[in-house]
Amino acid sequence: QKKDPYYVEELEPVLSVFDSCARNFVSPQTFYLKPRRQKNMNCHRATLAVFLAVSGNGISSVGAFSPPSPRAAAASPGVATTQKNMVATAPPMPGTANGSSSSDAPLGWDCDDEANCVQVPACDEEACRTSLDVRIHNEWYDLSGWRKAHPAGAHWIDWYDGRDATEVMDAFHSEKARGMWQKLPKSSPEAVEVLSKQVADDSSTQIAFRELRDQLQADGWWERDFVHEATLLAIWVSLVVGAAATAHTVAPISSVLLALAMTNAGWLGHDYVHGVDKFCDRMRNFVCFGAGLGTTWWSDKHNKHHALTNEMGVDEDIATDPFLYTWAPDPKHDSPLRKIQHLIFFVPFSALFALWRYDTMQVAIGAVEEKRPGAKEELAGLLAHYFVLLTLFPLGVWFPAVFLSGLMSALIVTPTHQSEELFGDYQPDWVKAQFESTRNAVMTNPFSEWLWGGMQYQLEHHLFPSMPRSKYPALKPILTKFAQDNNIKGGYRESGEFEILKMNWDLYKEVAEADPVEGAPYSRGHGQLGAISLGFSPAAKNAKALQS
């Protein structure tokens with residue numbers, strides 16, 4: 001069909017009519033499924049007849065136009081999306097053999113925010129539901145009804161369609177949430193049969209890691225050391241007070257103290273946003289007031305980095321072009337700045353905090369407009385931050401502090417991943433991917449140990465992001481042995497704090513001197529959904545495969 005110019009030329013206007021009837025079933029430009037309304041069924045049936053006459057095929061011809069992204073929630077009830085198989089069929093029409101009675105109507109799932117799900121008609125006045133299958137602890141679940149109720153957004157559920165999400169489920173969720181998934185409806189036997197043949201079984205490394213996590217949980221590794229937490233908060237308060245006291249007398253000192261306070265607040269907020277205990281729930285918006293960074297922005301962007309670490313085109317933490325490239329780009333995505341990036345790296349590094357603040361406000365305002373939970377409280381914290389900042393500190397103090405804090409933060413967050421393996425495709429073994437894409441930094445003095453805010457234990461943090469950072473140093477021998485026992489390539493990786501910075505600079509220099517590469521992966525994430533909205537998700541790839 002794709003090679004037949006008559007088919008393409010004649011089919012396009014028919015599909016345009018189909019779209020104008022409010023079905024929006026397919027579009028030659030976007031191949032995007034959108035909601036349908038029952039009141040337009042007569043129009044749909046007439047245009048579908050024209051469609052069939054022109055295509056010369058049975059109704060399964062619609063399968064050639066699968067959506068580019070599983071974010072098309074309102075798909076046909078006959079659409080089944082899996083990692084390697086997407087088949088679209090038209091929904092039953094009233095009066096047809098498959099839709100003549102309500103008992104024959106297709107069913108879907110609808111869930112509330114407590115994961116209580118009920119079966120409902122797949123098609124209502126707004127949309128049609130489709131199956132969405134995710135494996136958790138060796139069991140397949142149909143999350144089509146849960147996706148919209150998911151507090152962190154439907155895109156997370158969509159991304160794991162036809163995939164295993166066990167490690168991500170365990171890593172990012174509270175004890176309550178980890179108990180809720182068992183209440184969700186299980187996938188149909190037909191879907192499980194197909195998926196079981198297409199998706200690899202859990203690896204021995206994954207199984208061993210789950211056993212290790214369960215043992216650590218039972219041994220109390222998630223219990224928080226409140227003396228340690230109070231000490232870190234006291235240091236932050238002292239820095240803010242010192243910066244305010246010197247703001248109008250010794251401006252340079254004030255800027256340095258304020259920059260240290262901002263960086264420290266960022267690491268504290270990082271702990272609290274990742275945390276899943278009651279203390280972290282209460283402290284969740286600290287990062288808004290203390291650092292001017294939003295919890296919604298941080299969760300969306302940063303958790304994607306944790307789930308899909310160093311996956312090119314998806315992980316935004318390695319998508320720093322056009323100012324800094326971590327691999328030689330395609331010529332169409334190249335920039336003259338790449339040739340000198342190792343000489344000017346400190347400039348974009350310094351802008352990191354300013355960029356984060358700008359992104360935060362955009363996302364926070366959008367979250368309020370979308371009525372996301374806690375969005376108003378988050379925005380209030382951000383406004384309070386800027387009220388205090390602009391009231392207590394002159395422009396000559398807080399402005400350089402923002403850029404100095406950005407430089408310090410970038411020097412800490414970039415070297416622990418960028419010099420390690422970069423992945424051109426989805427990594428089904430999440431545990432091995434974390435070991436292979438992460439390098440720890442060994443500190444040489446107490447000040448550095450505090451300044452790095454736990455990021456020197458990057459592997460421990462990536463494997464157990466909700467664990468209090470005070471526990472990370474004691475994990476090193478356990479993870480070293482785990483890597484040895486499971487024959488993980490590269491083992492437990494670590495380098496000195498200055499050596500790891502040199503490794504990152506060497507990478508920038510190597511990429512600067514390299515020639516562009518035709519067909520190199522596109523790195524830019526373009527917002528919170530990144531490659532998900534760009535159509536790099538599993539379902540989108542399968543849709544493209546069906547087009548070829």
Subject >> Side-chain H-bond candidate by donor/acceptor type, Thr166 with Gln206, under 3.5 Å >> reply: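 No, because no side-chain N or O of Thr166 sits under 3.5 Å from a partner of the opposite role on Gln206.
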
Original post:
With distance as the sole criterion, is a donor-acceptor pair present between the side chains of Tyr492 and Gln484 under 3.5 Å?
Top reply: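 Distance-only check fails for Tyr492 and Gln484.
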
Below 30° counts as parallel, above 60° as perpendicular, anything between as tilted: where do the rings of [X] and [Y] land?
| X | Y | answer |
| --- | --- | --- |
| Phe447 | Trp450 | tilted |
| His274 | His270 | perpendicular |
| Phe482 | Phe435 | parallel |

Can [X] and [Y] be counted as an ion pair, charged N to O under 4.0 angstrom?
| X | Y | value |
| --- | --- | --- |
| Arg493 | Glu420 | yes |
| Glu223 | Lys471 | no |
| Asp315 | Lys304 | no |
| Glu167 | Arg210 | yes |
| Lys476 | Glu494 | yes |
| Glu513 | Lys509 | yes |

Original post:
Does Asp515 have any side-chain hydrogen bond (donor to acceptor under 3.5 Å, both in side chains) partners at least two apart in sequence or in another chain, and if so, which?
Top reply: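 Checked Asp515 against side-chain hydrogen bond (donor to acceptor under 3.5 Å, both in side chains); zero matches.
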
Original post:
By side-chain hydrogen bond (donor to acceptor under 3.5 Å, both in side chains), which residues pair with Thr326, not counting sequence neighbours?
Top reply: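 Checked Thr326 against side-chain hydrogen bond (donor to acceptor under 3.5 Å, both in side chains); zero matches.
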
**OP:** Just jot down the side chain to side chain contact (heavy atoms under 4.5 Å, CB included) partners of Val256, sequence neighbours excluded, or say none.
**Re:**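 Once residues adjacent in sequence are excluded, the partners of Val256 under the side chain to side chain contact (heavy atoms under 4.5 Å, CB included) criterion are Leu260, Leu404.
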
Side chain to side chain, [X] and [Y], heavy atoms closer than 4.5 Å:
| X | Y | value |
| --- | --- | --- |
| Arg224 | Met467 | no |
| Phe403 | Phe353 | no |
| Asp133 | Leu143 | no |
| Arg439 | His417 | no |

**OP:** Report yes or no: is the cationic atom of Arg469 (NZ for Lys, CZ for Arg) closer than 6.0 Å to the six-membered ring centre of Tyr457, at no more than 45° off its axis?
**Re:**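 The answer is no, since Arg469 fails at least one limit relative to Tyr457.
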
Original post:
Is atom CZ of Phe279 surrounded by more than 12 heavy atoms (other residues, nucleotides or ligands) closer than 6.0 Å?
Top reply: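 Yes, CZ of Phe279 has more than 12 neighbouring heavy atoms, counting only those of other groups under 6.0 Å.
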
